[in-house]
Amino acid sequence: DADESVHKGNLVSVKRDLTLQVQTEKLTTYMVSLRMPHPDTTPRSLRIFAIVVLCVSIFFWAWALYNTITKQFDAGVVSFLLAAIASTYLLFTKAPNKVGQCLVVASYLLVSINYMAGVVFAFTVLNRPGFGIYCIIFAVLWIGIAVVGNSLMSKSRKAPGNGNRERDPIKTSPGT
């Protein structure tokens, strides 16, 4: 399980998981992980995600604004604006805290709820099944956006350099 040798009176072993263990003459044990972490692409992925969602939100917000001006009030002017603000927040935040993460996810879910209301409205009031199907598809997509965003934000908080020592490549733990 491990290669061991004695160096200057210290027992040195390297385990298969690339953990270096040194036991001194005084029976103090030090362990260092030599394992290099995989390059973490989470911050980049979160940034790309935020840019894409921001662009989509702005497009649909403009469409909702057009509908509100030319026809009747479209709740998308509120929900897409909040999603755009949340995505902008992600662009300027290295790793959102839990409150920020909850607010971002809530804004994306609000868009989905808006679409769900559109489903009910389309099938009961308007009698427009094509619009209802469109709303079903986009309600599900925005739930997916919320889930993916939540996952990326959770991973970004655990990424090296964001205050989480468990992912640091070199760990030392003195023992007896």
Taking all heavy atoms of [X] and all of [Y], pick out the closest pair and write down the distance.
X: V104; Y: S107; value: O-OG, 2.7 Å
X: A139; Y: S112; value: O-OG, 2.8 Å
X: M153; Y: L46; value: CG-CD1, 4.0 Å
X: A64; Y: G76; value: CB-C, 3.6 Å

Should [X] and [Y] be counted in the same cluster of Ile, Leu, Val, Met, Phe, Trp and Tyr side chains packed under 4.5 Å apart?
X: F60; Y: L82; value: yes
X: I113; Y: F121; value: no
X: F138; Y: I133; value: yes
X: V105; Y: L141; value: yes
X: I85; Y: V78; value: yes

Among I143, L109, I136, find the residue that satisfies the side chain to side chain contact (heavy atoms under 4.5 Å, CB included) test when tested with M116.
-> I143
Looking at side-chain heavy atoms only, is the closest gap between [X] and [Y] below 4.5 Å?
X: I145; Y: F49; result: yes
X: F80; Y: W63; result: no
X: I69; Y: Y66; result: no
X: W142; Y: V56; result: yes
X: L65; Y: W61; result: yes
X: V99; Y: L103; result: yes
X: Y134; Y: Y115; result: yes
X: P96; Y: L90; result: yes

Using atom types as modelled and distance alone, determine if a side-chain donor or acceptor of [X] lies under 3.5 Å from a backbone N or O of [Y].
X: S87; Y: A84; answer: no
X: S79; Y: V111; answer: no
X: Q72; Y: N67; answer: no
X: S151; Y: V148; answer: no

Which distance, rounded to the nearest 0.5 Å, do you find between the OG1 of T93 and the CZ of R47?
-> 11.0 Å
Euclidean distance, N150 CG relative to Q101 CD, rounded to 0.5 Å = 4.5 Å
Aromatic ring centroids of F131 and F123 under 6.0 Å?
-> no
